[in-house]
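Structure record follows, encoded as structure tokens.
Source: prediction; values computed, not measured.
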Amino acid sequence: MMSVVSTVESVPRDPGTTAPGLYQRMRRLLTRDLLVTLALGQVLSLLICAISLTSKYLADDFHANTPVFQSFLNYILLFLVYTTTLAVRQGDGNLLAILKQRWWKYMILGLIDIEANYLVLKAYQYTTLSSVQLLDCFGIPVVLLLSWFFLLVRYKAVHFVGAGLCLLGFGCMVGADILLGRQQGLGEHKLFGDLLVVGGATLYAISNVCEEFIVKNLSRVEFLGMMGLFGSFFSGIQLAIMEHKELLKLPWDWQIGLLYIGFSAFMFCLYSFMPVVLKRTSATSVNLSLLTADLYSFFCGLFLFHYKFSGLYLLSFLIILLGLVLYTTMSTYVAQDPRVYKKFRNTGSQPAPDRPPLSARVFEPAVTYTSLGLEAGDDIPVGVA
């Protein structure tokens with residue numbers, strides 16, 4: 001009852017066959033699916049850049065330190081759009097039916113998502129910008145581990161090389177920040193701030209892995225509807241306890257109102273678009289793509305806040321993109337059973353197209369999956385708790 005993986009080695013090609021040129025190899029590498037995947041990840045990064053800019057204007061120009069209120073506005077939008085959609089549905093996808101089956105799971109996930117946002121935004125009051133950027137990368141190895149143990153994803157060496165390149169590029173960017181003196185947010189309790197970032201990054205990783213599982217196995221609308229329901233409820237309670245006095249002190253006018261509206265719109269777009277990208281790729285791929293968000297913020301800061309420029313920023317951007325290409329071009333494996341592995345593409349959930357038959361004189365490397373305990377066509381049942 002064990003699975004055997006046998007490999008057929010390739011034999012030399014026909015001497016008359018010419019090797020593919022560099023252009024053909026690049027076209028084979030940079031497929032349409034790969035380019036679409038990279039583009040989707042960068043759209044998420046641009047949304048996070050817009051969220052960071054509006055938060056900076058709120059904090060610097062109006063002294064509005066209201067992370068809970070900002071998250072509350074986003075959850076209210078999710079509730080109005082997606083929770084109401086679930087409420088009018090019929091059958092098993094109805095709001096009441098979902099709550100009867102797994103309400104407590106979404107309640108925990110909603111609390112995790114709220115506190116992840118709160119901890120990272122709160123950390124800026126205690127530690128430096130560079131520390132927040134570096135320690136926020138802690139979520140990437142957490143996502144890798146959670147995907148390995150709970151989503152049963154299996155990686156190749158090239159995936160770790162790609163992830164390492166992305167982190168190297170990000171470290172290059174943080175180094176440029178330090179060299180140029182962008183030490184914003186230095187507080188008296190730096191260690192406490194660093195711990196807040198680590199805690200927030202860990203919660204973000206848990207939330208992203210759970211979101212990937214839900215959108216690939218259940219429904220995008222279900223996830224967003226439940227986040228809108230429980231997120232608005234618990235963030236509203238937290239807002240009433242922690243930030244009601246802060247809101248009364250704000251100098252309310254049309255400018256600060258417009259910034260809050262812009263922040264909420266960008267957050268709503270990020271939450272709505274994130275499941276689309278996760279369903280096509282993975283939580284790890286998305287987290288690696290988001291490393292460029294701080295670079296986009298810096299490029300905008302060159303014009304808006306007159307930041308100093310360094311060539312290290314361009315170098316870090318290219319290194320991160322190279323790491324993303326390495327990670328997304330290779331296949332990972334999902335272990336549906338400890339004894340059987342199923343191959344799938346990171347660049348999309350579509351089944352691989354049938355390969356054309358090979359000629360009698362040309363043999364390509366191939367992997368044959370042979371089960372000694374099951375008949376052909378039988379699937380090993382998978383149970384999900």
Side-chain angles (χ1 to χ4, degrees), residues 40 44 47-48 51 67-121 139 142-143 146-147 150-151 199-242 263-284 286-287 290 349 383-385:
L40 292 176
L44 294 178
L47 287 172
I48 290 182
I51 291 169
V68 179
F69 178 64
Q70 291 166 233
S71 297
F72 175 73
L73 294 176
N74 170 56
Y75 290 124
I76 288 294
L77 290 177
L78 293 177
F79 178 87
L80 294 175
V81 175
Y82 295 104
T83 309
T84 54
T85 301
L86 292 177
V88 299
R89 274 186 174 180
Q90 302 296 325
D92 293 337
N94 182 266
L95 177 63
L96 293 179
I98 294 172
L99 290 175
K100 287 180 181 178
Q101 295 177 13
R102 40 188 176 269
W103 65 270
W104 63 274
K105 298 179 182 179
Y106 283 117
M107 182 184 69
I108 296 174
L109 185 56
L111 287 171
I112 289 174
D113 194 69
I114 293 170
E115 299 311 318
N117 290 323
Y118 177 76
L119 290 179
V120 173
L121 291 174
V142 176
V143 168
L146 292 176
S147 298
F150 295 100
L151 299 183
T202 303
L203 294 180
Y204 269 133
I206 297 172
S207 176
N208 288 341
V209 171
C210 293
E211 182 177 356
E212 179 185 352
F213 175 83
I214 293 170
V215 300
K216 287 184 177 180
N217 295 276
L218 296 173
S219 166
R220 165 181 171 267
V221 176
E222 176 178 330
F223 171 79
L224 294 174
M226 291 296 101
M227 287 300 98
L229 178 63
F230 290 105
S232 58
F233 177 76
F234 288 112
S235 63
I237 294 175
Q238 191 171 353
L239 171 64
I241 296 174
M242 302 178 63
F263 179 90
S264 303
F266 291 132
M267 281 287 286
F268 177 78
C269 291
L270 177 66
Y271 269 69
S272 298
F273 193 54
M274 177 80 80
V276 177
V277 184
L278 279 173
K279 189 169 184 178
R280 184 182 181 89
T281 59
S282 66
T284 305
V286 166
N287 277 268
L290 296 183
S349 57
V384 179

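- Looking only at side-chain heavy atoms (C-beta outward), Arg280 and Leu40 come within less than 4.5 Å of each other.
- Residues passing the side-chain contact (heavy atoms from CB on, under 4.5 Å) test with Cys269, sequence neighbours excluded: Leu47.
- Using a 4.5 Å cut-off on side-chain heavy atoms (C-beta onward), Phe223 and Leu278 make no contact.
- Under the salt bridge (Lys or Arg N to Asp or Glu O under 4.0 Å) criterion, Glu212 pairs with Lys216, not counting sequence neighbours.
- Taking each heavy atom of Tyr271 and Leu224 in turn, the nearest pair found is O-CD2, 3.2 Å.
- Looking at residues two or more places apart in sequence or on another chain, you find a ring pair (Phe, Tyr, Trp, His ring centres under 6.0 Å) between Phe69 and Tyr260.
- Annotation: side chain to side chain donor-acceptor pair (under 3.5 Å) contacts involving residues 92-103, sequence neighbours excluded, comprise Arg102-Glu222.
- The 12-atom threshold is not exceeded at CZ of Phe266, counting heavy atoms of other residues, nucleotides or ligands nearer than 6.0 Å.
- Side-chain contact between Val277 and Leu44 is present, with at least one heavy-atom pair separated by less than 4.5 Å.
- Within 6.0 Å of CZ on Phe150 lie no more than 12 heavy atoms contributed by other residues, nucleotides or ligands.
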Do any side-chain atoms of residues 229-236 form donor-acceptor pairs under 3.5 angstrom with protein atoms, and if so which ones, sequence neighbours left out?
{"residue": "Ser232", "atom": "OG", "partner": "Gly228", "partner atom": "O", "Å": "2.5"}
{"residue": "Ser232", "atom": "OG", "partner": "Leu229", "partner atom": "O", "Å": "3.1"}
{"residue": "Ser235", "atom": "OG", "partner": "Gly231", "partner atom": "O", "Å": "2.5"}

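- Applying the side-chain contact (heavy atoms from CB on, under 4.5 Å) rule to Glu115 yields the partners Tyr118, Leu203, Gln238; only residues at least two apart in sequence or on another chain are considered.
- For the pairing with Cys210, the side chain to side chain contact (heavy atoms under 4.5 Å, CB included) check across Ile108, Leu109, Ile112 returns one residue only, Leu109.
- In this structure the side chain of Phe213 never reaches within 4.5 angstrom of the side chain of Val209, judged on heavy atoms.
- Test Val143, Asn117, Leu119 against Tyr204 for side chain to side chain contact (heavy atoms under 4.5 Å, CB included) and you get one pass: Asn117.
- Checked against side chain to side chain donor-acceptor pair (under 3.5 Å), Thr284 has the following partners two or more places apart in sequence or in another chain: Tyr155.
- Not counting sequence neighbours, Asn74 has no partner by the side chain to side chain donor-acceptor pair (under 3.5 Å) test.
- In this view, Ser207 and Asp113 satisfy the side chain to side chain donor-acceptor pair (under 3.5 Å) rule, not counting sequence neighbours.
- For the side-chain contact (heavy atoms from CB on, under 4.5 Å) test, residues two or more places apart in sequence or in another chain that qualify with Leu77 are Ser264, Phe268.
- Contact between Ala205 and Gly139 at its shortest, heavy atoms only, is CB-O, 3.6 Å.
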Identify each donor-acceptor pair in which a side-chain atom of residues 82-89 lies under 3.5 Å from a protein atom, sequence neighbours left out, and give them as a table.
{"residue": "Tyr82", "atom": "OH", "partner": "Arg220", "partner atom": "NH2", "Å": "3.1"}
{"residue": "Tyr82", "atom": "OH", "partner": "Ser272", "partner atom": "OG", "Å": "3.0"}
{"residue": "Thr83", "atom": "OG1", "partner": "Gly225", "partner atom": "O", "Å": "2.6"}
{"residue": "Thr84", "atom": "OG1", "partner": "Leu80", "partner atom": "O", "Å": "2.4"}
{"residue": "Thr84", "atom": "OG1", "partner": "Val81", "partner atom": "O", "Å": "3.3"}
{"residue": "Thr85", "atom": "OG1", "partner": "Val81", "partner atom": "O", "Å": "2.5"}

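- Heavy-atom minimum distance, Gly110 versus Met227: N-CE, 3.7 Å.
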